[in-house]
Amino acid sequence: MRPEAKHQARRMPALLALVALGAAILVQGLIEARAHDRSAVHPLLYLPSGKYLKVAALGFDDILADLIYLWSIQYYGDYAIQERYDYLEKIYTEVIAELDPRYIDPYLIGSLIMSAEARKPEMALRLLDKGFEKNPDQWILPFEAGFVCYDNLKDYVRAAAYFEKALKVPGVHPLVRRLYAGMYERAGDKRTSLREWAEIYETAGDDYVRQVSASHVHDLKVEVDLMDLKDAAARFRRQAGRPPGRLGELAARGLLREIPLDPEGRDYLYDRDRGEVSYRGSLVLAR
Amino acid sequence: MPARVFAIALNTFREAIRNRVLYLLLVFAVAMISFAQILSLLTVGSEDKIIKDFGLASIDLFGVLTSVFIGIGLVSKEIERRTVYTLLAKPIHRYEFVLGKYAGLVLTLLVNTAVMTLWFLIILAVKGMFDPRLLLAVLLLFFQFLLITALAVLFSCLSSPILASVFTLCLYAIGHLLWSLDLLQAKLKGGAARALCDVLYYLLPNLANFDIKGQVVHGLPVAAGTLGLAAAYLVLYGAAVLSVACAVFQRKELQ
């Protein structure tokens, strides 16, 4: 064989490899183009429960949870897939949470996708409940659940119950206490809310919190006082068959222990003719 | 005896570091540890969990593969290549040969694990995620490699490399599944079957003793005495396996 032919023969396998690889890449492109049906259900959605996957993971359950979580973020972030929320609960609550129950990010992101994207707040609450059951030292989980109740369900009593759970966890952020107090206010339990805001005011660590809580205490005190005065006046009218001549009569008859003064230390206004009680100032927070 | 074992160990180490499989596994391990950095960019939340999980899992996986694929050929290849005859013609006991082979692979694994760990620590230090407890997790993984190596050596004395690798990998899987025997036992009604579960649970190698990856990555407390108990388990179980390997090799007819 001539030296040139020998040289060519040596280059042939490398050339062949390059051509074959290039062709394989082209074929893969064709496969991708054909199989790129965005509505198809992803095979990962058919995963068995995390309990069974844990068995198969042979000690690599943490990394498996990481990989499924990473995949889920990309999958649920793809708005082109219409039915992507069908197996949402399974992926987060049954698979990832079972594989790595201490992994907090999937609880937070999963519940966010469930409540904000899929509009399934109850599903988000189930995931966060499971997360808190497995991680009782993580205040963020009941806090998020409370926020879902507040923001999505407008169920302020339930939200307050979740915030209360979060408040019992050491190291909880001070904001949770303010939200807790705020939930009672929104739920109409002004008296409890006033008590909570007053405590926040007394224990405030900075000027901002002190100022915010003072505003809430101011307005809530006015609302609670007016509510008490109006209630007592109505009872007085039922008992005496006439409206009270002055607010002091409510205390004299034992309907109120004492007549409250407004936050500025003044008497509340009383219109004897119309039997109405009012505050002579204005509320600090525009609600 | 230690001098002869040491000489065989050193020779085994020299032989192992000439093995291309070792380098291939090492390159894959380093690549996988590095790849975690890219993968962590896809996450929402803390990146450090992904990087730490991948790093520890890579060290675990490639350490086990090194133990298995180099361990299984330790004795059987010497017999196959007939080099064992030259060696045993010298004043060497057969058990010294087995122990020397084991010690050589332990040395190889030590270097291998050190390289993977060093790369992992460099990445963590650059990212500002270094946690000294990760070293404890790696040390326990190293203990696991030592036990798997002992099993690989035992099977290498008993059968061909292919069968030895299958047996060792099966025991590796079983070693990580022993907790499921508890679940099975709870479902069983018969006393004998329940007792059998207990026997199997304590008889088979429990590799979960060497796995604290999750606890370390999540910053959970590791129970006091975990390291000491795992070391004691390794020494005792490893000694039992190597004794069986020595006994098997002692009785083996070399023709």
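Heavy-atom basis, side chains included; hydrogens, waters and symmetry copies ignored. Letters A, B, ... are given to chains in the order of the sequence lines, protein chains preceding strands, and every chain is numbered from 1.
In this structure, chain A has a heavy atom under 4.5 Å from the side chain of Leu177(B), while its backbone stays farther away. With a 4.5 Å cut-off on non-hydrogen atoms, Leu39(B) touches chain A through its backbone and its side chain both. For a residue to count as touching a neighbouring chain, one of its non-hydrogen atoms must lie under 4.5 Å from one of that chain's; by this rule Leu61(B) touches chain A with backbone and side chain alike. Looking at Asp100(A), the atoms closer than 4.5 Å to chain B (heavy atoms on both sides) all sit in the side chain, from C-beta outward.
Atom CH2 of Trp139(A) has more than 12 heavy atoms from other residues, nucleotides or ligands within 6.0 Å. More than 12 heavy atoms of other residues, nucleotides or ligands shown are found within 6.0 angstrom of CG on Leu41(B).
Residues Phe54(B) and Leu67(A) have side chains in contact (heavy-atom distance under 4.5 Å, counting atoms from C-beta outward). Val44(B) has its side chain within reach of Tyr69(A): a pair of non-hydrogen atoms, C-beta onward, lies under 4.5 Å apart.
Nearest heavy atoms, Met32(B) versus Ile63(A): CE-CD1, 4.4 Å. Leu58(A) approaches Tyr172(B) most closely through the heavy-atom pair O-OH, 3.9 Å. Residues Leu42(B) and Leu70(A) share a closest heavy-atom pair of C-CD2, 3.8 Å. Contact record, Asp62(A) with Gly214(B): OD2-CA, 2.9 Å, taken as the closest heavy-atom pair.
A salt bridge does not link Lys49(B) to Asp105(A): none of the charged nitrogens lies less than 4.0 Å from a carboxylate oxygen.
Residue with the most contacts toward chain A among Asp211(B), Leu207(B), Ile50(B): Ile50(B) (heavy-atom pairs, distance under 4.5 Å).
To the nearest 0.5 angstrom, Tyr103(A) atom OH is 8.5 Å from His218(B) atom NE2.
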